[in-house]
2 protein chains.
Amino acid sequence: MIKRIGHIGIIVRDIEKALTVYQGALGLHLAKIQERPDLAATIAFLPTGDSEIELVQPVTSDSDVAKFLEERGEGIHHICLEVDDIERALSDLRERGLQVIDEIPRVGPEGERFAFIHPKSAHGVLLELYELPTCQSELDDHSP
Amino acid sequence: MIKRIGHIGIIVRDIEKALTVYQGALGLHLAKIQERPDLAATIAFLPTGDSEIELVQPVTSDSDVAKFLEERGEGIHHICLEVDDIERALSDLRERGLQVIDEIPRVGPEGERFAFIHPKSAHGVLLELYELPTCQSELDDHSP
């Protein structure tokens with residue numbers, strides 16, 4: 001069911017300052033910085049092995065990520081695990097009694113489908129599951 | 001400098017209960033459970049892609065991990081990044097003004113050498129760096 005750790009999301013106050021540590025001092029490669037209005041955040045992506053570190057800067061004051069920053073300060077926000085089939089994964093987890101935050105997967109800017117599991121169901125960890133689009137599904141999307 | 005995310009450490013109250021989620025529901029493979037008296041913890045290792053999820057259960061009431069559990073509850077405790085050369089990494093980070101918790105790397109049961117970086121220096125994230133023993137260094141250790 002789980003293929004790998006897709007990324008670790010770290011909430012930061014200021015991406016440029018955080019990059020002086022994660023890119024400058026630790027030497028991680030900055031692949032891109034993306035505006036994500038759907039998450040009220042700007043995100044810096046730093047590939048690390050077969051995973052990624054994401055620095056997430058809230059851009060409004062009333063979003064979930066802004067509230068996390070306000071209440072808990074900077075730090076690790078969530079772990080994202082890549083799955084093959086997100087519908088099946090969510091259905092399996094619901095059957096086992098885990099509290100799924102997103103009943104229907106949300107869709108990200110690159111076609112990834114993602115959903116969050118409540119920390120109450122995962123021993124204090126906010127878990128994201130995502131399924132990445134495959135070449136085949138992209139072809140299917142463009143077929144007549 | 002950084003090769004990959006070595007593991008994510010999650011503090012849990014009871015490894016057996018946490019395994020019903022991480023092994024049972026999410027389907028991760030349990031590679032081993034290890035007693036770590038040096039960390040006052042029992043640790044379950046669940047390989048995930050080229051990384052690992054570690055479930056860390058405190059076994060005394062006065063350790064750092066026990067205090068974390070007492071004050072903050074279950075949840076993500078640290079991220080460990082694998083480096084090639086831990087002495088050079090620590091020296092580089094100190095030069096850049098980061099606060100290193102372990103001036104000299106500690107040695108784990110499998111010869112791994114590890115050190116922690118203070119969350120104040122890494123935007124709220126407790127970072128561990130570790131260097132794994134290589135075949136060559138094991139040979140060197142046993143040479144006359």
Side-chain angles (χ1 to χ4, degrees), chain A residues 1-15 17-29 46-53 55 57 68-69 72-79 81-83 89 92-98 117 119-127 129, chain B residues 1-15 17-29 46-53 55 57 68-69 72-79 81-83 89 92-98 117 119-127 129:
Chain A
M1 175 171 164
I2 307 294
K3 297 170 76 173
R4 63 184 176 100
I5 297 170
H7 60 258
I8 301 172
I10 299 170
I11 304 263
V12 299
R13 205 168 294 280
D14 180 326
I15 279 183
K17 279 190 191 162
L19 283 173
T20 65
V21 173
Y22 287 89
Q23 183 186 24
L26 292 168
L28 295 176
H29 168 64
L46 301 118
T48 310
D50 78 354
S51 186
E52 255 177 349
I53 287 180
L55 304 175
Q57 177 186 327
F68 180 97
L69 180 60
R72 307 184 53 168
E74 293 185 311
I76 304 168
H77 178 253
H78 70 276
I79 303 174
L81 301 173
E82 186 188 348
V83 295
D92 283 357
L93 295 178
R94 265 192 301 259
E95 264 179 39
R96 287 172 176 269
L98 274 74
I117 310 300
K120 278 195 286 191
S121 292
H123 293 264
V125 178
L126 177 61
L127 281 181
L129 301 181
Chain B
M1 172 172 169
I2 308 294
K3 296 169 77 174
R4 63 184 176 101
I5 298 170
H7 59 258
I8 301 171
I10 299 170
I11 304 263
V12 299
R13 206 168 293 280
D14 180 328
I15 279 184
K17 279 192 190 161
L19 283 173
T20 64
V21 173
Y22 287 90
Q23 183 186 24
L26 292 168
L28 295 175
H29 168 65
L46 301 118
T48 310
D50 77 354
S51 186
E52 255 177 347
I53 287 179
L55 303 175
Q57 178 186 329
F68 179 97
L69 180 61
R72 305 184 53 169
E74 294 184 312
I76 304 167
H77 179 252
H78 70 276
I79 302 173
L81 302 172
E82 186 188 349
V83 295
D92 283 357
L93 295 178
R94 266 192 299 260
E95 265 180 38
R96 286 172 177 269
L98 274 74
I117 309 300
K120 279 195 288 194
S121 292
H123 293 265
V125 178
L126 176 61
L127 281 181
L129 301 180

Student: Looking at L98(B), I79(B), I53(B), which makes the most heavy-atom pairs under 4.5 Å with chain A?
Tutor: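 The answer is I79(B).
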
Student: Specify the closest pair of heavy atoms between S121(A) and G97(A), including all atoms of both residues, with the distance to one decimal.
Tutor: OG-O, 4.4 Å

Student: So how far is it from D14(A) CG to H123(B) NE2, rounded to the nearest 0.5 Å?
Tutor: 8.0 Å

Student: Given heavy-atom pairs under 4.5 angstrom as the criterion, report whether the side chain, backbone, both or neither of I5(B) touches chain A.
Tutor: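 When you check distances to chain A, atoms from both the backbone and side chain of I5(B) fall under 4.5 Å.
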
Student: What part of L127(B) is in contact with chain A, defined as an atom under 4.5 angstrom from a non-hydrogen atom: side chain, backbone, both or neither?
Tutor: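 The answer is the side chain of L127(B).
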
Student: What part of R72(B) gets closer than 4.5 Å to chain A, counting heavy atoms only: side chain, backbone, both or neither?
Tutor: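 When you check distances to chain A, only side chain atoms of R72(B) fall under 4.5 Å.
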
Student: Whether the side chain of E74(B) engages the backbone of G124(A) through a donor-acceptor N/O pair (distance < 3.5 Å, no angle test) should be reported.
Tutor: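 No: the side chain of E74(B) does not pair with the backbone of G124(A).
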
Student: Identify which part of L93(B) has an atom lying under 4.5 Å from any heavy atom of chain A, answering side chain, backbone, both or neither.
Tutor: side chain

Student: Select, from V83(B), V125(B), L129(B), D50(B), the one with the greatest count of heavy-atom pairs under 4.5 Å involving chain A.
Tutor: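 Most heavy-atom pairs within the cutoff with chain A belong to D50(B).
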
Student: Roughly how far, to the nearest 0.5 Å, is the NE2 atom of H77(A) from the CD1 atom of I8(A)?
Tutor: 13.5 Å

Student: Does any heavy atom of chain B fall under 4.5 Å from the side chain of L55(A), the backbone, both, or neither of them?
Tutor: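 Neither part.
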
Student: Highest number of heavy-atom pairs under 4.5 Å with chain A: which of G49(B), A25(B), G75(B)?
Tutor: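 Winner by heavy-atom pair count: A25(B).
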
Student: Counting only non-hydrogen atoms closer than 4.5 Å, does D92(B) touch chain A with its backbone (N, CA, C, O), its side chain (CB onward), both, or neither?
Tutor: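 Contact with chain A is absent: no heavy atom of D92(B) under 4.5 Å.
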
Student: Under 4.5 Å heavy-atom distance to chain A, tell me which part of I117(B) shows up: side chain, backbone, both or neither.
Tutor: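 No part of I117(B) comes within 4.5 Å of chain A.
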
Student: Using heavy-atom distances under 4.5 Å, tell me whether L28(A) contacts chain B through its side chain, its backbone, both, or neither.
Tutor: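 Contact with chain B: side chain only.
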
Student: Below 4.5 Å, heavy-atom pairs only: which of G73(A), A122(A), S51(A), G27(A) has the largest tally toward chain B?
Tutor: A122(A)

Student: In terms of heavy-atom proximity below 4.5 Å to chain A, should E95(B) be classed as side chain, backbone, both, or neither?
Tutor: neither

Student: Would you call E82(A) and R4(A) a salt bridge, using N to O less than 4.0 angstrom?
Tutor: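 So E82(A) pairs with R4(A) through a salt bridge.
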
Student: For I10(B), which atoms come within 4.5 Å of any heavy atom of chain A: side chain, backbone, both, or neither?
Tutor: side chain

Student: Atom NE2 in H29(A), atom OG1 in T48(A): separation rounded to 0.5 Å?
Tutor: 10.5 Å

Student: With chain A as the partner, which of V12(B), V21(B), L26(B) has the greatest number of non-hydrogen pairs under 4.5 Å?
Tutor: L26(B)

